[in-house]
2 protein chains.
Amino acid sequence: MGDSVYICNRYTVVYRAELFSTMPRTLPKHATAEDMKYVQDTLYVISGKWKMLIILAICAGNNRFKDIQRAIPRITTRMLSKELKELEQNKLVTRRVYDESPVLIEYSTTAYCKSFGAIIHEMIRWGKEHRKIVKK
Amino acid sequence: MGDSVYICNRYTVVYRAELFSTMPRTLPKHATAEDMKYVQDTLYVISGKWKMLIILAICAGNNRFKDIQRAIPRITTRMLSKELKELEQNKLVTRRVYDESPVLIEYSTTAYCKSFGAIIHEMIRWGKEHRKIVKK
DNA sequence: CCGGATCCTATCGGATACTG
DNA sequence: CAGTATCCGATAGGATCCGG
């Protein structure tokens with residue numbers, strides 16, 4: 001009981017509520033199966049080869065398709081197009097069309113996207129530590 | 001200049017140093033291409049369908065192969081075996097062999113693994129927010 | 001300039017069978 | 001019990017071509 005089935009874009013996973021009752025103190029104290037969904041969501045939203053780089057490229061001031069592409073070596077138009085669409089669906093990026101001729105399209109990150117900062121910080125910290133640990 | 005090529009298990013990516021000079025304040029202030037490697041590392045270590053669940057299952061007190069497998073619905077022996085090996089390489093899990101008969105093998109999470117708590121917390125927070133945002 | 005459509009490959013993960 | 005080996009389908013990502 002308490003188990004839940006959760007479907008994210010990638011996977012169907014069954015979470016057993018009992019897994020979350022006895023976690024050590026340094027992991028979330030009373031995490032629930034519900035919580036795990038959120039972790040999977042977050043992971044899904046930012047995983048993939050290009051997503052983080054695209055976000056950072058836009059943050060760096062590249063607002064047009066070609067500019068973003070130029071800023072990220074080796075990315076193909078197919079991938080950039082696909083990932084931008086996903087980022088837009090997830091409200092991390094907005095796409096604005098200016099009806100001039102030729103048509104002008106601008107991408108920008110949302111304020112919400114910036115709420116991401118804390119996670120990025122944590123990941124930098126942890127990843128840095130990780131290199132040291134694994135090297136040993 | 002300042003660009004770097006980085007190979008993690010999954011991808012070969014080129015980071016352009018210039019991407020990181022003008023990021024908004026709510027993202028890391030002076031993140032470098034170096035920092036992005038760490039983010040990718042972290043992402044890689046915990047991504048995949050089962051890794052987080054395995055960590056949590058062990059935290060919950062399942063220390064033997066069969067116990068972990070029973071705790072995680074639908075995981076196959078192949079996947080559990082494979083992921084445990086990776087987690088061990090990344091020092092998140094230790095494998096101990098007790099030479100009794102029949103042989104007894106125990107998995108446990110490392111203290112290092114628990115340093116992960118902050119990221120999990122952040123991901124829960126962000127993922128929760130995300131559901132609300134995307135629903136609208 | 002901004003992509004969509006098509007085809008292809010490599011990797012991820014599942015099913016099943018088998019072993020010390 | 002604690003896995004390994006083999007085969008296989010699904011999907012992520014790449015290459016290329018085309019169109020508004």
Rounded to whole angstrom units, what separation is found between the CG atom of A:Asp67 and the P atom of C:dG3? 12 Å
Within this structure, what is the CD1-to-C1' distance between B:Ile105 and D:dC1, rounded to whole angstrom? 8 Å
Consider only side-chain heavy atoms of I, L, V, M, F, W and Y, link residues closer than 4.5 Å, and tell whether B:Leu43 and B:Phe116 are in one cluster. yes
Report all interatomic pairs (protein N or O, nucleotide N or O of nucleotides 18-20 of chain D) with separations under 3.5 Å.
none

Gap between atoms CG and C1', on A:Leu104 and C:dC2 respectively (whole Å): 11 Å
Show me the donor-acceptor pairs within less than 3.5 Å that the side chains of residues 67-74 of chain B make with the rest of the protein, sequence neighbours left out.
unit_1: B:Asp67; atom_1: OD1; unit_2: B:Arg70; atom_2: NH2; d: 3.0

Please determine whether side chain to side chain contact (heavy atoms under 4.5 Å, CB included) holds for the pair B:Trp126 and A:Val45, giving the CA-CA distance in whole Å, both sets of side-chain angles, and the decisive distance to 0.1 Å. CA-CA 11 Å; B:Trp126 198 87; A:Val45 167; 4.0 Å; yes
In the structure I gave you, are the side-chain heavy atoms of B:Tyr38 and A:Met123 within less than 4.5 Å of one another anywhere? no
From the candidates C:dG3, D:dG3, D:dT4, the one with an atom nearest any side-chain atom of B:Lys85 is D:dT4
Scoring nucleotides 8-20 of chain C by protein non-hydrogen atoms under 4.0 Å (B base, S sugar-phosphate only, - none) yields -----BBB-----
Atom-to-atom span, CD of A:Gln69 to C1' of D:dA15 - whole angstrom: 13 Å
Closest approach of B:Ala33 and B:Ser4, non-hydrogen atoms and distance? CB-OG, 4.0 Å
Calculate the interatomic distance between B:Ile54 atom CD1 and D:dA2 atom P; express it in whole Å. 15 Å
Taking B:Tyr11 as the starting point, is it possible to reach A:Leu56 by hopping between hydrophobic residues whose side chains are less than 4.5 Å apart? yes
What is the distance from CZ of A:Arg70 to P of C:dG3, rounded to the nearest Å? 14 Å
Atom CG in B:Asp3, atom CZ in B:Arg16: separation rounded to 0.5 Å? 5.5 Å
Check the distance between C:dG3's C1' and A:Ile68's CD1 and give it to me in whole angstrom. 12 Å
Between A:Ile58 (CD1) and C:dC2 (P), how many Å, whole number? 12 Å
Taking only side-chain N and O atoms of B:Ser81, does any of them lie within less than 4.0 angstrom of OP1 or OP2 on D:dT4? yes
Are any of B:Arg64's side-chain N or O atoms less than 4.0 Å away from OP1 or OP2 of D:dA2? yes
Evaluate A:Leu92 against A:Lys51 for side chain to side chain contact (heavy atoms under 4.5 Å, CB included), listing each step before the verdict. CA-CA 10 Å; A:Leu92 292 171; A:Lys51 291 216 185 70; over 6 Å; no
Could you tell me whether the phosphate oxygens of C:dG3, OP1 or OP2, come under 4.0 Å of any side-chain nitrogen or oxygen in A:Tyr107? yes
Return the minimal non-hydrogen interatomic distance between B:Arg125 and A:Ala118, and the atom names on each side. NH2-CB, 4.4 Å
